[in-house]
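Chain letters run A, B, ... following the sequence lines, proteins first, then strands; residues in each count from 1.
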Protein chains: 2
Amino acid sequence: MTQPARKRRGSGRTTLHDVAELAGVSAMTVSRYFNNKDGVGIDIQKRISAAIEQTGYVRNVFAGSLASARGRSVGMVIPHIAGGVYAETVQAVTDTLRPFGYQLLLASSNYSTEEEEAAVRAFMGWAPAAIILTGQKRSRKTTELLANASIPVVETWAHRARPQHIQVGFSNPSVGRDCTRYLHERGHRRIVFVHPQRTDDMGANDRASGYEAAMRELDLTPMTFRPQASVLLEAGAEAFRTLTGGRKPADALLFSNDNLAAGALLHGLREKIAIPQACAVMGFGDLSIADKLVPSLTTVRPPRYEMGKIAAMRVIELLRAIEEDSPTSAIARDNLLSYEIVERESA
Amino acid sequence: MTQPARKRRGSGRTTLHDVAELAGVSAMTVSRYFNNKDGVGIDIQKRISAAIEQTGYVRNVFAGSLASARGRSVGMVIPHIAGGVYAETVQAVTDTLRPFGYQLLLASSNYSTEEEEAAVRAFMGWAPAAIILTGQKRSRKTTELLANASIPVVETWAHRARPQHIQVGFSNPSVGRDCTRYLHERGHRRIVFVHPQRTDDMGANDRASGYEAAMRELDLTPMTFRPQASVLLEAGAEAFRTLTGGRKPADALLFSNDNLAAGALLHGLREKIAIPQACAVMGFGDLSIADKLVPSLTTVRPPRYEMGKIAAMRVIELLRAIEEDSPTSAIARDNLLSYEIVERESA
DNA sequence: CTGTTAGCGCCTTCAA
DNA sequence: TTGAAGGCGCTAACAG
């Protein structure tokens with residue numbers, strides 16, 4: 001018998017053609033069934049859906065994406081998956097994208113713009129429908145890559161005056177300002193801002209500048225402190241010890257993050273110092289520890305989940321607009337979300 | 001002029017052929033350059049790499065995967081991204097896979113086997129090279145899907161006697177047993193196991209059974225308690241209050257998780273009850289709060305990162321073995337990792 | 001070590 | 001509303 005010259009064996013999985021054959025229609029009709037059901041007769045729809053059920057057919061994403069030059073994924077780069085800060089944003093993105101059939105491609109940059117660049121480069125091969133990034137600091141090359149890709153780009157945890165991409169974030173200076181006013185309203189005057197030890201947390205610097213502005217508006221003298229200790233909790237204790245001692249002790253400490261603040265509360269507990277009576281303590285982040293400390297920590301909850309959700313929604317809207325060739329101008333490019341001051345016992 | 005009947009415009013991006021033309025070789029050679037550099041002459045390699053650099057070429061994953069019927073991704077389903085328990089495992093998987101060029105496809109099941117099934121089904125279209133799941137409870141359909149896919153499957157956070165897939169986990173009964181012995185060695189005799197309120201945490205049940213076995217071995221009477229309060233922290237307080245009161249108060253509480261234990265510690269702090277003097281407290285999970293509480297919480301650290309790392313490594317080994325057609329029997333199918341009892345102040 | 005040929009499975013385009 | 005033809009960009013199989 002004459003066998004074909006050579007034959008590549010396929011993946012072995014059922015294909016669109018198998019389903020079409022079983023349903024007694026052409027492959028094209030089955031393809032339409034998936035892409036816009038409306039264009040297929042009701043009776044045929046039933047036959048097709050039965051055939052799909054029977055064969056357990058799953059569409060081959062590669063073939064479809066190759067043919068249509070359109071990916072069914074959204075790439076996302078976050079600084080760090082563990083640690084819980086960005087996990088909620090990722091969760092929101094997957095939650096929001098799932099109903100629309102987009103698959104999340106996740107990569108972690110480990111806080112490095114080079115690793116972010118590598119991740120974006122790797123994404124490109126997947127022809128993602130859109131890319132979601134974290135923060136607003138990127139390498140030149142990354143910016144180039146994104147520009148060339150000409151796909152929607154959304155920055156989460158970002159808030160700048162002249163955004164290059166769609167951005168979703170909150171204002172750190174406002175956080176600093178609002179916290180300062182919050183403390184002022186409660187009668188505190190000698191309010192000190194405690195920096196993190198590392199200076200690479202841009203958000204903290206922005207909160208500090210908001211604090212300084214607010215203090216000046218209130219005719220108070222801004223005072224900042226940067227602990228020496230490298231461990232967060234120790235640094236918090238150091239700040240508390242240093243700033244509440246001396247001749248002119250602070251009456252409120254505004255910490256750049258919850259871990260530092262936790263260190264202060266812990267110090268207070270061990271030394272049996274009454275907080276907030278001796279000195280109020282306020283943090284930022286609303287980490288899971290915040291409401292478990294004694295006293296519970298007054299802090300600021302950033303819109304972690306909301307940022308992911310809004311980012312994903314803007315992506316969906318934009319993709320739909322592009323597909324329908326409708327104007328994208330109605331889609332909000334600058335999404336400034338609100339944070340929440342969580343009033344607890346420590347301030 | 002005769003124009004071609006119809007022409008689809010490509011994606012517009014540079015293709016393998018563009019690179020090949022620029023380098024003065026055939027497309028196939030460039031393809032080989034990517035897949036096994038060794039099979040290409042040194043001088044040609046240089047020409048190719050220059051051409052890639054010049055054009056900024058990125059391989060189209062879809063075309064490659066379609067042609068080779070081999071995906072360059074690994075699908076992973078976890079119960080919950082936010083919350084931090086599984087985030088570290090995900091981080092480990094991405095960290096480990098990245099050097100090998102595999103892209104992570106992440107999905108969250110929200111603790112539902114149906115959603116897990118949907119995620120696995122969605123993955124199938126991406127022809128993942130392997131799938132990593134969490135836990136050992138799955139729907140019939142999922143098991144079928146996996147069997148039909150005939151790709152490596154790894155279960156993390158799993159430990160069963162007759163594993164269907166490669167599994168990476170630790171023994172919850174052993175945790176219960178070891179904690180019990182730990183408390184016994186420190187002189188505690190009236191040790192009570194505190195269940196979570198919800199009964200769907202299989203791990204907790206397994207730890208309880210380990211506890212019960214150990215107690216019997218020690219000729220002690222196992223006692224368990226299930227709080228009524230629905231909020232974890234309140235439930236922990238309730239357990240502490242209930243179990244340390246009465247005629248025969250417990251002298252050690254083994255909590256099924258850190259949050260419950262934190263509730264107990266918090267209760268102790270508020271009521272000025274000395275822990276561990278009045279009653280020792282031990283948790284499970286080593287959440288970030290554990291070392292920030294007062295007293296700091298003695299607990300068990302599950303190998304969160306390690307599980308992800310080992311899972312990814314087994315995937316890599318298996319894929320390599322399959323590719324090289326070498327036996328896969330040497331690859332460990334049952335990976336039992338060790339946890340660590342973290343001794344702190346509370347027990 | 002390098003090139004040629006054909007096809008992976010789907011979708012775009014055109015035609016009916 | 002449905003079908004036929006061909007190509008998306010790459011790689012397996014074969015040939016040299």
Donor-acceptor pairs under 3.5 Å, side chain of residues 46-53 of chain B to any protein atom, not counting sequence neighbours: which ones?
from    : atom 1 : to      : atom 2 : distance (Å)
B/Arg47 : NE     : B/Ala23 : O      : 2.8
B/Arg47 : NH2    : B/Ala23 : O      : 3.1

Review point. Which nucleotide sits closest to the side chain of B/Leu66: C/dC11, C/dG3, C/dG9?
Key: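 Nearest nucleotide to the side chain: C/dG9.
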Practice item. Look at the side chain of A/Met28 and decide which nucleotide, out of D/dC10, D/dA5, D/dT11, has an atom nearest to it. Key: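 So the side chain of A/Met28 is nearest to D/dA5.
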Review point. Any idea how A/Phe34 and A/Tyr57 line up, ring-wise: parallel (<30°), tilted (30 to 60°), or perpendicular (>60°)?
Key: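 Geometry flag for A/Tyr57 against A/Phe34: tilted rings.
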Below 4.0 angstrom from OP1 or OP2 of [N], is there any side-chain N or O of [X]?
| X | N | value |
| --- | --- | --- |
| A/Arg70 | D/dC8 | no |
| B/Asn60 | D/dC8 | no |
| A/Thr29 | D/dT2 | no |
| A/Ser26 | D/dG3 | yes |

Review point. Which residue lies toward the 5' end of DNA chain C, B/Gly41 or B/Ala63, if each is placed at its nearest nucleotide?
Key: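 Looking at DNA chain C, the more 5' nearest nucleotide goes with B/Gly41.
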Check your understanding: Does B/Glu317 pair with B/Arg314 as a salt bridge, N-O distance under 4.0 Å?
Key ->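 Counted as a salt bridge, because a side-chain N and a carboxylate O are separated by less than 4.0 Å.
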Check your understanding: Under the criterion side chain to side chain donor-acceptor pair (under 3.5 Å), which of B/Lys137, B/Gln164, B/Arg160 is the partner of B/Glu155?
Key ->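 By the side chain to side chain donor-acceptor pair (under 3.5 Å) criterion, B/Glu155 pairs with just one of B/Lys137, B/Gln164, B/Arg160: B/Arg160.
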Select base, sugar-phosphate, or nothing to describe what [X] touches, counting heavy atoms under 4.0 Å on all strands.
| X | answer |
| --- | --- |
| B/Leu16 | base |
| B/Tyr57 | sugar-phosphate |
| B/Arg32 | base |

Rounded to whole Å, please give me the gap between [atom1] in [X] and [atom2] in [N].
| X | N | atom1 | atom2 | answer |
| --- | --- | --- | --- | --- |
| A/Phe34 | C/dT12 | CZ | C1' | 18 Å |
| A/Glu21 | D/dT2 | CD | P | 18 Å |
| B/Met124 | C/dG9 | CE | C1' | 18 Å |
| B/Tyr33 | C/dC1 | OH | P | 16 Å |
| A/Phe62 | C/dC11 | CZ | C1' | 17 Å |
| B/His17 | D/dT11 | NE2 | P | 11 Å |
| B/Asn35 | D/dG9 | CG | P | 18 Å |

Exercise for review: Could you tell me whether the side chains of A/Ser139 and A/Glu116 share a donor-acceptor contact shorter than 3.5 Å?
Suggested key: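 No, no side-chain donor-acceptor contact under 3.5 Å.
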Practice item. Check whether the side chains of A/Ser109 and A/Ser112 place a donor and an acceptor atom closer than 3.5 Å, and report yes or no. Key: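 A/Ser109 vs A/Ser112: no donor-acceptor pair found between side chains.
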Point to revise | Proximity to DNA chain C (any heavy atom under 4.0 Å), residues of residues 42-55 of chain B only | key: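 DNA chain C contact set from residues 42-55 of chain B: B/Ile44.
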Practice item. Give, for atom CG of B/Leu146 and atom CD of B/Glu117, the distance between the pair rounded to the nearest 0.5 Å. Key: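 Between atom CG of B/Leu146 and atom CD of B/Glu117 there are 10.0 Å.
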